[in-house]
Structure formats: structure tokens, C-alpha cells
Amino acid sequence: MTMEYVSTRGQAPVLGFADVLLQGLARDGGLYVPRTWPQFSAADIRALRGLPYEEVAFRVLKPFVGGEIADAKLKSIIGETYATFRHRAVCPLVQSGPSDFILELFHGPTLAFKDVAMQLLARLMDHVLAERGERVTIAGATSGDTGGAAIHAFAGMSRADVFILFPHGKVSPVQQRQMTTSGAANVEALAIEGNFDDCQALVKAMFNDHAFRDGVGLAGVNSINWSRIMAQIVYYFTSAVTLGAPDRTVSFTVPTGNFGDIFAGYAAAQMGLPVGRLVIATNENDILARTLDSGAYTTRSVVATTSPSMDIQVSSNFERLLFEASSRDAAEVRGNMESLKQSGGFTLTGETLARIRERFEAGRAGADEASATIRDLLKNNDYLADPHTATALRVAETRRREGETMVVLSTAHPAKFPAAVAAACGVTPSLPEWLGDLMEREEKYTVLPSDLKMVEDHINRRKVR
Ligand SMILES: Cc1ncc(COP(=O)(O)O)c(C=O)c1O
Ligand SMILES: N[C@@H](CCOP(=O)(O)O)C(=O)O
């Protein structure tokens with residue numbers, strides 16, 4: 001009934017669900033994962049057929065929560081969460097070919113897949129903080145979508161101050177406005193003079209500065225937080241079951257940056273869902289494709305692309321996969337992460353690489369290929385995809401296998417990236433009605449250098465309590 005969580009680096013306390021929810025990064029710098037994977041038998045999976053998304057979510061999430069939130073409360077939190085989505089199916093499937101499907105994850109309030117987990121995370125945190133009578137300071141890093149989702153989910157919440165670090169000038173205008181126009185007193189967007197990796201490094205450094213961390217009561221909403229991954233497991237179940245699981249195996253292609261979304265697919269497979277291949281789709285920032293090719297994880301400088309949310313070199317959740325694929329060898333993970341810090345890379349052992357390749361493949365599609373896919377899909381299917389989704393569609397296409405059922409995760413609404421979509425196909429997607437005035441709203445944000453002390457000082461000065 002209870003669930004324990006262990007750190008990928010093996011040197012942090014073992015915690016239960018509620019503590020992991022409030023922790024973010026483990027105190028040894030690692031990421032929490034469940035000690036064991038809950039198991040779903042074929043009968044359990046078959047019993048999910050025809051259930052509403054909320055009920056599947058309850059059944060999938062319950063073992064991870066480990067009894068720390070009463071069932072009735074968990075159900076009501078899940079119900080409120082997905083009532084914020086504008087599609088009755090929450091995450092609907094659209095057929096794009098004989099055995100090809102697009103899983104639309106962008107029907108939440110900020111038009112990206114991040115809402116699926118963030119709307120839940122905020123409500124779970126609020127519940128736990130209320131029970132404990134505590135407040136937290138949240139620091140998050142974003143390449144564009146996590147930030148907007150977090151600000152929407154936490155705006156006005158009395159138990160959390162939220163600081164979102166985004167790379168100055170490197171997110172789309174819609175993404176920026178979603179972060180800078182909330183008007184809520186408890187949230188602030190910080191435009192960092194650097195790239196996403198700099199923002200993420202600053203957030204991790206804040207977690208590793210234990211005096212600061214304990215002083216402000218730091219919590220995290222990036223996918224370093226286990227609850228983000230946990231919530232994303234659900235749509236692997238709903239989509240696979242809709243397509244015939246457990247009697248049919250389903251593969252997934254995922255536009256990947258921080259590796260959280262695709263790691264949720266790996267988790268679903270570990271839980272018994274018949275998942276075939278998990279195909280990592282990258283843009284020009286192809287560190288994961290190169291790693292799967294060569295076994296060497298070697299960082300390079302990031303290039304700006306038309307799919308900016310994937311412009312990432314240090315892919316946080318790859319650490320969770322390393323832990324799994326090394327048979328949970330925390331010493332091996334620590335060695336790799338130390339080498340990443342010291343020399344910008346590491347080399348996987350032959351065994352670890354082989355285990356990763358048993359399930360994962362990777363492919364790269366550049367901006368021109370993604371644009372061509374947007375054009376073709378509009379022409380042939382009358383369907384408008386955003387550049388992240390298009391990257392994955394192109395990779396899936398080039399790696400197609402006869403007879404395989406393939407689901408491509410569509411991670412953002414095209415209206416979040418109107419310039420790239422218009423350049424690709426001549427159609428400018430418009431924002432849904434409820435966001436119609438977004439570009440006219442007044443913006444508020446602070447520009448800061450990529451400097452730990454300056455960011456920490458700013459947060460210390462600005463947090464509400
Ligand atoms: C639209 C979009 N697609 C794909 C990704 C990559 O997802 P992940 O970081 O979970 O790999 C992101 C960012 O996380 C995103 O915002
Ligand atoms: N692409 C992300 C980057 C942060 O990823 P996260 O999943 O770890 O929060 C974004 O859009 O911000």
C-alpha cells in the first residue's frame with residue numbers, strides 16, 4: 001500500500017509520496033523514482049477500457065500515492081484537474097494513417113502537454129501544504145512551456161511563491177506572454193541572460209545550496225519532481241487501451257528535450273503496459289540521438305530552432321533512465337553525473353547502452369524537415385501540427401515499421417508557435433477564444449544575469465512571506 005521513493009544517486013533519504021512531491025531534487029542532487037514499479041496485469045489493463053480519463057488516472061496514480069491521500073480526496077483532486085481541459089477525452093487520439101495516431105496533449109489551459117501534470121501537481125501540493133500548515137517557494141526553469149503551465153496552475157495560490165526562469169529572448173512571444181501577464185502577486189517570471197540549460201543549472205544549483213533551499217523552503221515543478229512524470233504515465237495507458245491494449249502492443253514517438261515525457265512511457269512499460277518501441281525525436285539539438293548511436297553523452301552548444309522547447313543539452317530525466325538501465329546502480333549514475341559536471345559528458349557502459357537500446361530508438365529531424373511535415377500534413381490530412389509535434393511525426397515516418405501501431409505525442413497547440421507554422425505552410429494558427437487577448441495584456445518580468453547569487457538574492461527579497 002505505501003510507496004517509497006529512492007534517489008538515483010543513492011545518498012538521499014528514502015521518502016514517501018508527499019515528501020517527494022514537496023522536494024523536487026533529492027538532497028544528493030539525484031532524482032526520486034519509486035522503489036518498485038506498481039504492476040498492472042492484463043486483466044487490470046483490460047478493465048480500463050471505456051473508463052473516463054479521470055478514472056484511469058485514479059487507478060494509475062493511486063499506487064504511487066501510496067495511501068498518503070485518501071481515495072475520495074485524490075479522486076476529487078483528479079476531477080478538478082481535468083475539468084480545466086477543453087476536450088471531453090482530455091487527451092484525445094486522432095488517426096493520421098492506417099496504424100498511425102496523434103495523441104493530442106494540448107487541450108489544457110496553456111495549450112501544451114505540461115498542463116496534464118502541472119494542473120494536478122499544483123492541486124496535490126496545495127492539499128499537502130494545507131494539511132501540514134506549510135508554505136513553499138517554487139523555482140522552475142523553462143524553455144517555454146513548463147513556465148506558462150506552472151504560472152497558470154499556481155497563480156493566486158496562497159501557499160506558494162513561484163519564480164520561473166526562462167531564457168531571455170529565446171521563447172516564442174505567446175509562451176513569453178503566458179508567463180509574464182498573469183498579474184498574480186505570488187508568481188514572477190525571471191528572464192535569464194542565457195539559454196535553457198543555464199536556467200536549469202541555476203535551479204539545480206539552488207536545490208544543491210542547502211542553506212538557501214532550507215531557508216526559503218524550496219520546491220520544484222520541473223520534471224525533476226516525480227509527480228510530473230507520474231501524471232504523464234496516465235495518457236500512455238489511456239491511448240494504448242483505446243488502441244487495444246493489453247491485446248495489442250503500441251509504440252510511441254515523443255518529441256524530447258528533458259526526457260520527462262518519454263520516461264513516463266518507459267514507466268508505463270515497467271508497470272505492465274504492452275509498449276513496443278519508444279522513439280526519441282530530437283531537433284538539431286540532438287544529444288540524445290547521438291548518445292543512442294555512440295554511447296557517448298557529449299554536450300555541445302545549443303542552437304536556436306523552430307521547436308524552442310526542445311532546445312536542450314542537459315536532459316534531466318535521462319538520469320532516471322541511466323539508473324534503471326544500470327540495474328539501479330547509483331554509483332554508476334554518480335560517476336556519470338560527476339563526469340558531466342567536470343567534463344561535459346560521459347560514456348555509457350556497454351551493458352547500460354544495450355539495455356537502453358532494447359526499448360529506445362532515437363532520430364533527429366531538423367527545422368526544414370519539420371516544416372515539410374507541417375506542410376504535408378495540412379495538405380494531405382487537413383491537420384495543423386506545431387513544430388515539436390512535426391519533429392516527432394517526421395522521425396516516426398522515417399522509422400516506420402510494417403504492422404506497428406505508432407502513436408506520436410502532440411505536445412503543443414500550433415498557435416503557440418504561429419510564426420514557425422505560418423512560415424512552414426502559410427497558415428497562421430489563431431489562439432483559442434479564451435486566450436484571444438493574450439498579446440494585448442500587460443507584461444511584467446525581471447531580467448537577471450545567469451548568476452546564482454543574484455537570482456537567489458532576488459528570490460529572497462521578493463518572496464511574499
Ligand atoms: C512542446 C514541447 N514538446 C516537447 C518537449 C520535450 O518534453 P520533455 O522535456 O519531457 O522531453 C517540451 C518541453 O518539455 C515541450 O514544451
Ligand atoms: N521543454 C521544457 C523544459 C523544462 O522541462 P521540464 O519538463 O523538466 O519542466 C519547457 O517547456 O519548459
Side-chain angles (χ1 to χ4, degrees), residues 24-25 31 103-106 108 110-118 121 138-151 153 164-167 170-172 174-176 178-179 189 192 195-204 220-229 231-233 235 252-267 278-283 285 287-288 302 305-321 360 362 365 370 385-393 395 408-417 420-421:
L25 204 64
L31 306 183
L103 177 59
E104 292 186 342
L105 303 173
F106 54 72
T110 68
L111 309 180
F113 79 102
K114 309 287 179 173
D115 292 321
V116 177
M118 203 64 83
L121 176 62
I138 289 169
T142 187
S143 55
D145 288 325
T146 292
I151 283 174
I164 296 296
L165 284 62
F166 73 92
K170 297 187 177 74
V171 299
S172 84
V174 172
Q175 288 177 316
Q176 176 160 325
Q178 286 179 323
M179 293 188 271
I192 302 295
N195 58 33
F196 168 73
D197 288 310
D198 297 321
C199 297
Q200 179 154 260
L202 284 168
V203 169
K204 287 189 176 172
V221 293
N222 279 107
S223 54
I224 53 175
N225 189 318
W226 168 254
S227 306
R228 285 274 313 279
I229 309 294
Q232 291 170 200
I233 295 171
Y235 48 69
F252 294 87
T253 301
V254 186
T256 296
N258 237 352
F259 210 79
D261 210 4
I262 200 162
F263 188 79
Y266 172 85
L278 288 170
V279 182
I280 302 163
T282 72
N283 62 21
N285 298 295
I287 184 162
L288 292 170
V302 183
T305 72
T306 52
S307 44
S309 300
M310 290 167 18
D311 293 349
I312 296 178
Q313 285 294 302
V314 180
S315 185
S316 262
N317 286 282
F318 198 61
E319 177 166 345
R320 284 189 165 114
L321 182 63
F360 289 90
D386 96 288
H388 303 77
T389 307
T391 303
L393 285 163
V395 169
V408 171
L409 271 55
S410 176
T411 47
H413 190 291
K416 289 196 97 165
F417 308 95
V421 174

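We're numbering straight along the sequence, starting at 1. Ligands are counted one by one from 1 in listed order, and the atoms in each one are counted from 1 as well.
- With sequence neighbours left out, the side chain to side chain donor-acceptor pair (under 3.5 Å) criterion links Arg320 to Asn317.
- Not one N or O on the side chain of Asn283 forms a donor-acceptor pair closer than 3.5 Å with the backbone of His388.
- Under the side-chain contact (heavy atoms from CB on, under 4.5 Å) criterion, Ala365 pairs with Glu369, Thr391, Arg394, Val395, not counting sequence neighbours.
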Atom pairs and distances, ligand 1 N/O vs protein N/O under 3.5 Å:
residue, atom, partner, partner atom, Å
ligand 1, 3 (N), Thr411, OG1, 2.8
ligand 1, 9 (O), Asn258, N, 2.7
ligand 1, 10 (O), Gly260, N, 3.2
ligand 1, 10 (O), Asp261, N, 2.9
ligand 1, 11 (O), Gly257, N, 2.8
ligand 1, 11 (O), Asn258, N, 3.2
ligand 1, 11 (O), Phe259, N, 2.9
ligand 1, 14 (O), Lys114, NZ, 2.3
ligand 1, 16 (O), Asp145, OD2, 2.5
ligand 1, 16 (O), Ser309, OG, 3.4

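- Ring orientation note: the planes of Phe259 and Phe318 are nearly perpendicular, at an angle over 60° on the 30°/60° scale.
- Asp386 CG to Lys416 NZ: the interatomic distance, rounded to the nearest 0.5 Å, is 9.5 Å.
- Side chains of Asn195 and Gln313: no donor on one and acceptor on the other come within 3.5 Å.
- Among Met179, Met118, Gln175, the one residue that satisfies the side-chain contact (heavy atoms from CB on, under 4.5 Å) test with Asp145 is Gln175.
- Lys114 and Thr142 form no side-chain donor-acceptor contact under 3.5 Å, judged by distance and modelled atom types alone.
- Applying side-chain contact (heavy atoms from CB on, under 4.5 Å) to Ser316 and the options Val203, Leu25, Ile224 leaves one that passes, Ile224.
- The contact shell of ligand 2, taken as protein residues with any non-hydrogen atom closer than 4.0 angstrom, comprises Lys114, Ala141, Thr142, Ser143, Gly144, Asp145, Thr146, Phe196, Asn222, Ser223, Arg228, Asn258, Ser309.
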